[in-house]
Each structure stands twice: as structure tokens, then as C-alpha cells.
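Shown next, in C-alpha cells, is the structure this report addresses.
A note on names: the letters A, B, ... follow the listed sequences, proteins ahead of strands, and every chain is numbered from 1.
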Amino acid sequence: MQLEALVRAAVNEALLQLNTPCEEEIPVDRPPRREYGDLSSRVAFLLAPAAQRNPAVLSQEIAACLAGDPRFVAVSAEGGFVNFTFSLAALADVVRSVLGRGEAYGRGGGGGGRKLQVEFISSNPTGPLTVGHGRQAALGDVVASLLAEQGWQITREYYLNDEGRQIELLGRSLWARYRQALNQEVPLPEGGYHGEYLLTLGHRLAAAWGDRYPEWNAGTQEVFRKLAVDEMMGMITADLEAIGVSFDVWTKEGDLHRRGLIEETLNSLRERGAVYEHEGALWLRSTDHGLGRDPVLVRSDSTPTYLLVDIAYHVDKFRRGFVKVVDVQGADHVEEQRQVLLALNLLGVPAGFLDYCLHQFVTVRGQEGVERMSTRAGRFLRLRDMVDDLGRDVFRYFMVMRKPSSHLNFDYELAKSSSMENPVYYVQYAYTRIASLVREAERLGETPEGLASVDLSPLTDPSERELILELDRFGDVLRTAADEYAPHLLCEYLEGVAKLFHPYYSRVRVLGQGRTTHARLALLSGAGLILRRGLAVLGLSAPEEM
RNA sequence: GCGCCCGUAGCUCAGUGGACAGAGCGCUGCCCUCCGGAGGCAGAAGUCGCAGGUUCAAAUCCUGCCGGGCGUACCA
């Protein structure tokens with residue numbers, strides 16, 4: 001990050017001398033081949049057309065201007081690119097920045113302390129969390145952390161659908177299981193919940209209550225509905241705890257109703273002429289705005305659909321003062337997302353207020369070909385079972401290591417492996433080795449006075465240069481990952497740092513080398529700090545010992 | 001049919017306009033009495049789904065086609 005700025009400044013100076021100012025930001029890239037230097041700029045390609053110059057010549061002139069610049073040991077032009085190789089002093093500044101800024105290193109200020117909400121999981125309380133929810137849980141939690149790193153004031157929120165048809169069905173299913181446990185032939189309702197968890201719960205209730213609720217009536221319904229939701233929420237919070245996810249706010253659908261928000265939102269949409277009646281139901285005019293079909297807002301039995309409630313919920317989010325809202329949702333919600341965005345637009349909520357982080361589904365390797373998971377049918381892999389088996393760190397990492405928009409193939413065998421083949425351990429082990437090294441240095445009395453002021457001139461090994469260049473990228477990686485809701489970029493970055501570290505560590509001796517020891521300890525402390533910070537953003541531990 | 005996502009090495013995936021396309025796993029060979037061996041080094045392996053187009057430059061942008069996933073409910 002600071003090295004990029006350094007190149008940018010140097011190029012600007014050269015362009016000023018050449019009387020060819022660049023209006024846009026100077027492009028700086030990592031060259032594809034090591035021999036091209038540490039960083040490069042294709043600025044000459046950018047300026048050549050307007051200046052009517054040959055990029056190859058222009059790049060040579062830029063390089064010539066910067067010959068002998070103390071920030072670089074080499075500035076060269078090749079085929080229109082300008083390639084930069086930093087001086088050791090410039091690189092050493094990076095290490096000093098890392099150590100100097102410490103925990104704050106890599107943070108960005110784009111959020112400016114403004115309020116941002118990340119809503120995720122929001123799974124119906126109709127069963128325990130599944131592997132699919134696991135991806136969303138990890139993704140939402142890490143995206144929230146990434147945005148917090150950019151200076152946003154984050155609220156993690158879970159929307160709890162505690163009313164409606166599915167919940168009635170759940171209560172009725174539970175009652176059926178309860179009666180079955182008392183040896184009464186009561187079938188599960190049509191479309192009811194088949195999962196084993198209700199069976200277990202039914203037996204428990206039968207043992208506790210005996211024949212207290214023999215009939216399905218309004219009173220029984222109320223008892224079972226409420227109890228079922230409470231029990232399911234208990235399971236869900238326990239599951240969340242297992243993966244280390246916690247929420248700041250839980251919003252219940254019932255509250256939105258009681259506050260009259262649904263009605264109010266419907267009226268606002270109606271005033272804007274966006275609603276019409278057809279076959280006894282109320283529909284949203286969305287085909288007028290290029291969407292595929294008009295969805296129902298209020299059913300003919302006068303109950304609101306999920307879509308209308310969701311629109312009202314988002315209007316409420318806007319009123320609550322969030323500057324931005326990110327909803328993490330599965331790919332099966334695209335259609336609905338467009339409807340919500342359209343409705344918000346009609347209601348005057350500024351564009352860009354709501355953003356979706358859309359993710360594809362998870363397949364666990366070895367289970368391909370099985371039917372799609374369904375909580376209702378009782379056909380799913382429980383998140384809890386996988387977390388208990390693999391550990392929180394591995395589970396979380398594997399869930400965010402792929403681009404959200406790509407289907408996730410979960411390699412269970414690799415996740416289960418405890419060697420360095422497993423990327424989680426590969427990264428964590430790098431940190432552990434550094435921690436161990438620092439402890440050993442302290443024990444031997446080889447720890448330098450102030451790490452940040454150590455003489456770094458002994459860092460002449462090529463791997464040390466590589467490592468420093470990589471450390472310098474940390475802030476960029478965090479920012480891009482936050483902007484794009486793409487935690488996998490951070491995973492790849494950390495694996496890259498670990499991949500530079502491990503071979504270096506096994507090849508180079510750190511302790512007992514005098515000044516070189518001090519310099520290497522400073523560099524590795526910086527690397528350790530970044531590994532720990534990166535792992536923390538992912539919600540993983542950085543073990544001092546493994 | 002329509003909409004969205006995906007198609008890159010044997011497998012799982014990075015890489016959204018720049019220089020001879022990368023990683024992990026797997027495979028082949030070599031090395032390791034040493035700060036934590038839960039190792040290290042090297043190698044083989046790719047017409048970037050196909051065909052056109054735009055550009056000085058395309059895995060990347062545009063169009064069409066092929067293949068896979070998801071959606072297309074008065075479910076959520």
C-alpha cells in the first residue's frame with residue numbers, strides 16, 4: 001500500500017518533468033514476472049494515445065527521469081511498462097509501519113464511523129442450522145468484520161420469522177410427534193416438518209405432559225407454536241455459538257406487524273400507484289419496471305406475503321439510520337431481491353442503500369448426487385455435527401475460502417486433515433512458528449530493544465524482500481475484500497504470506513546471528529502481526545502453540 | 001421459455017483489459033541429526049467450454065451457441 005503510493009508519487013514527479021500530466025490515478029500493478037521488478041506501472045499505455053506518443057518511448061523517458069532516485073535501486077522501461085525495484089530503505093519502512101501501527105495496521109477509514117447493518121442467516125426457526133446456513137453464517141460474520149475494518153459501525157442482525165404459515169405448520173408437526181409419542185396415530189400435516197429433532201422433542205413433551213393436550217384447538221396451537229419456536233431458537237443459538245457468531249439485534253416479524261409497519265408500507269406503495277388488485281389479492285406492479293412477473297403483496301385471505309413484510313422491514317432499516325445495509329442471501333433469493341430493490345426505489349430510499357451479498361450453495365464432497373437439502377423434509381446435514389467434528393476454525397475457513405458467487409465444494413477429507421495440506425493449519429502454523437521463535441529469542445536474551453527501531457539493513461535475502469512486498473499489500477487486500485464482500489481474497493492472501501514464510505523459515509537461521517537476528521525478528525514479528533490480524537478478521541484463532 | 005450464477009491443469013479453485021496464465025490437492029524425482037518435521041526443493045501437467053467481434057493488448061469486455069447449478073409459488 002505504501003509502496004504503491006511511493007511508485008505513484010515517483011511517476012507523478014517524472015510526468016511533471018516531462019510535461020505530460022496524468023489526470024487519472026496512476027496505475028500500479030504487480031508484474032507477472034519477478035525479473036520485471038517489485039511493482040510496475042502501465043501509465044505510458046494510458047497517456048500515449050492522447051499525447052500522441054509511443055508508449056515504449058514514453059516509458060523510457062519516465063524511467064530516465066527516475067534514474068538514481070534513492071527510493072529505488074532500479075527503474076527500467078520494458079515494452080511500454082515502467083518497472084520499479086525498491087531500495088532496501090523503502091522496504092524497511094514497510095516493516096517499520098507494520099510494527100509502528102500494530103493492531104491498527106491495514107485498517108481503512110472509508111466507513112467513517114457511519115452505521116452499516118449486515119443481515120445474515122435469518123433462517124426460519126423451524127429446525128437446526130444446516131451446512132448451507134453455515135456458509136452464510138461464516139460469510140456474513142466475516143463480511144461484517146471486513147467492513148468494520150474499513151471504519152463502519154456495524155450491526156449484525158438476524159431477522160426472525162416467528163409467525164406465519166411455516167410456523168403454524170411447525171407447531172402442528174410438533175403436536176403430531178407429541179401425540180405419536182403417546183401411541184396415538186396422528187399423521188404429520190401436509191407439507192409438515194419431518195426432521196428427527198421434532199421426534200425427540202415430541203417424546204420429551206409426552207414424558208413431561210402426558211395427555212394434557214389431546215386435541216388440536218386454538219389453545220393447543222398457541223402452546224405448541226410458541227414452544228416450537230422457543231425450542232428451535234434454542235437450537236439455533238447453540239449452533240451459532242458453536243461457530244462463534246453472535247448478533248447485536250434480533251428482529252421479530254411479529255414486532256413489525258404490531259408496529260403497523262406492514263400496513264403503512266402497503267399504503268405508501270398504493271399511493272404511488274404501484275399496487276393493484278387481481279383475483280382478490282394485491283399485487284406489485286413490477287413488470288412495468290422491467291421485472292419478470294408481478295408478485296403478490298397481500299394474499300386473497302388478506303395475509304401479507306413475505307415479500308411485503310421484507311419491504312417493510314427494509315423501510316424500517318432505513319429509518320433506523322443505517323447508511324448502508326448488506327443482506328447476505330442464498331442464490332435462490334435473486335428474484336425477490338429485485339422486487340425489494342424496486343419497491344425501495346419507489347418508496348424513495350436512495351439507490352445503493354441496500355446491497356446484496358449473494359452466495360451459491362454448498363455441496364459436501366462425497367455427498368454429491370444426493371437430493372437438495374430441505375429442512376421441511378428433514379433432509380440436511382446439520383451444521384453442528386460438522387463443526388463438532390472439524391472444529392470451528394476449519395469449518396469457518398472452508399466456508400469462506402471460495403468466492404461467494406461460486407458453488408462451494410466442501411472437501412471434507414481435506415478439512416479433516418490435520419497436516420499442512422490443510423490451508424487452515426498451514427496459515428495458523430505459520431503464526432505458531434513465529435510465536436515460538438519470538439519466545440525462544442526472549443529465552444535466549446536475543447530480543448532487540450525496540451523492534452520498530454531495529455536496523456533492517458541485514459534483510460538482503462530475496463525471500464525477505466518478497467515477504468515485505470507481501471506485507472505491504474495487507475491493507476489493499478482488506479479493502480478490496482470489504483468492497484467486494486469477498487472474504488476469500490483474505491484467505492488467499494494469508495495462504496500467500498504463509499507460503500513465503502514456511503520455506504524461508506526452514507532455509508534461514510534466525511537466532512544466534514547478531515544484528516541479522518534482530519532484523520529478522522523484526523520482520524517476522526511484522527509477519528506474525530499480520531497473520532494474527534488476518535485470522536482475527538476471519539474469526540479464527542492464532543494459536544501460540546498447536 | 002425467461003432471469004441469475006458457474007465453465008481455467010487429473011481434482012478443487014484464484015485470477016474482470018496488459019508482459020511467456022497461477023495456487024492447493026494428486027502425480028514423479030530429490031533433500032532433511034539444525035530456532036517446532038504437522039517439513040523443504042525440483043518437475044510433469046492447460047487450444048482459459050466453443051465460435052465470432054471490440055482493442056495496440058482479451059481468461060477478463062460485447063454477441064451467439066453448448067454444458068452444469070439455482071430461481072421462475074397467493075412458501076420463506
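B:G43 and B:C56 are spaced 36 Å apart, taking the C1' atom of each and rounding to whole Å.
A:Glu495 and A:Lys499 are not joined by a salt bridge, as no carboxylate oxygen comes within less than 4.0 angstrom of a charged side-chain nitrogen. Look at A:Glu464 and A:Arg520 and you find a salt bridge, because one of the NZ, NE, NH1 or NH2 atoms lies within 4.0 Å of a carboxylate O, short of that distance. The pair A:Arg439-A:Glu442 does not count as a salt bridge, with every side-chain nitrogen at least 4.0 angstrom from each carboxylate oxygen. Electrostatic pairing of A:Arg165 and A:Asp301 counts as a salt bridge here, judged by a charged N lying under 4.0 Å from a carboxylate O.
The phosphate of B:G15 has OP1 or OP2 within less than 4.0 Å of a side-chain N or O from A:His488. OP1 and OP2 of B:A38 both lie 4.0 Å or more from every side-chain N or O belonging to A:Asn422. The phosphate of B:A23 (OP1 or OP2) has no side-chain N or O of A:Lys499 nearer than 4.0 angstrom. OP1 or OP2 of B:C6 lies within a sub-4.0 Å distance of a side-chain N or O belonging to A:Ser405. Residue A:Lys403 places none of its side-chain N or O atoms closer than 4.0 Å to OP1 or OP2 of B:C5.
Checked by atom type, the side-chain pair A:His289/A:Asn345 shows no donor-acceptor distance below 3.5 Å. At a cut-off of 3.5 Å, with distance as the only test, a side-chain donor of A:Tyr276 or A:Asp294 sits close to an acceptor on the other residue.
Taking 3.5 Å as the limit, the base of B:C74 and the side chain of A:Ser300 contain a donor-acceptor pair of atoms between them. A donor-acceptor contact under 3.5 Å is formed by the side chain of A:Asn83 with the base of B:A19. A:Ser506 contributes no side-chain N or O that forms a donor-acceptor pair with the base of B:G40 under 3.5 Å.
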Read 5' to 3' with Watson-Crick or G-U pairs under 3.5 Å, [ ] for crossing pairs and | for partners on another strand, RNA chain B gives ((((((((.[[[[.)..(...]]]].(((((.......))))).....[[[[[..)....]]]]])))))))....
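Looking at heavy-atom distances under 4.0 Å, A:Glu495 makes no contact with the nucleic acid at all. Residue A:Ser40 is in base contact, counting any heavy-atom pair closer than 4.0 Å across all strands shown. Heavy atoms of A:Pro423 sit nowhere under 4.0 angstrom from any nucleic acid atom. Within the nucleic acid shown, A:Arg338 comes within 4.0 Å of sugar-phosphate atoms alone, with no base atom in reach, counting heavy atoms only. Within the nucleic acid shown, A:Asn124 comes within 4.0 Å of sugar-phosphate atoms alone, with no base atom in reach, counting heavy atoms only. Residue A:Val508 is in base contact, counting any heavy-atom pair closer than 4.0 Å across all strands shown. Among the atoms of the strands shown, none is found under 4.0 Å from any heavy atom of A:Pro55. As judged by a 4.0 angstrom heavy-atom cut-off over every strand, A:Ser406 is placed among residues touching the sugar-phosphate backbone only.
By the criterion of a centre-to-centre distance under 5.5 Å and near-parallel planes under 30°, the ring of A:Phe81 forms no stack with the base of B:G18. Under the stacking definition used here (centres under 5.5 Å, planes under 30°), the residue A:Tyr36 qualifies as stacked on the base of B:A19.
Mapping A:Pro32 and A:Gln166 onto RNA chain B by nearest heavy atom places A:Pro32 at the nucleotide closer to the 5' end.
Residue A:Leu500 contributes atom CG, which lies 13 Å from atom P of B:G40 at whole-angstrom precision.
Between A:Tyr356 atom OH and A:Tyr485 atom OH the span is 12.0 Å, to the nearest 0.5 Å.
The shortest distance between side-chain heavy atoms of A:Leu46 and A:Pro27 falls below 4.5 Å.
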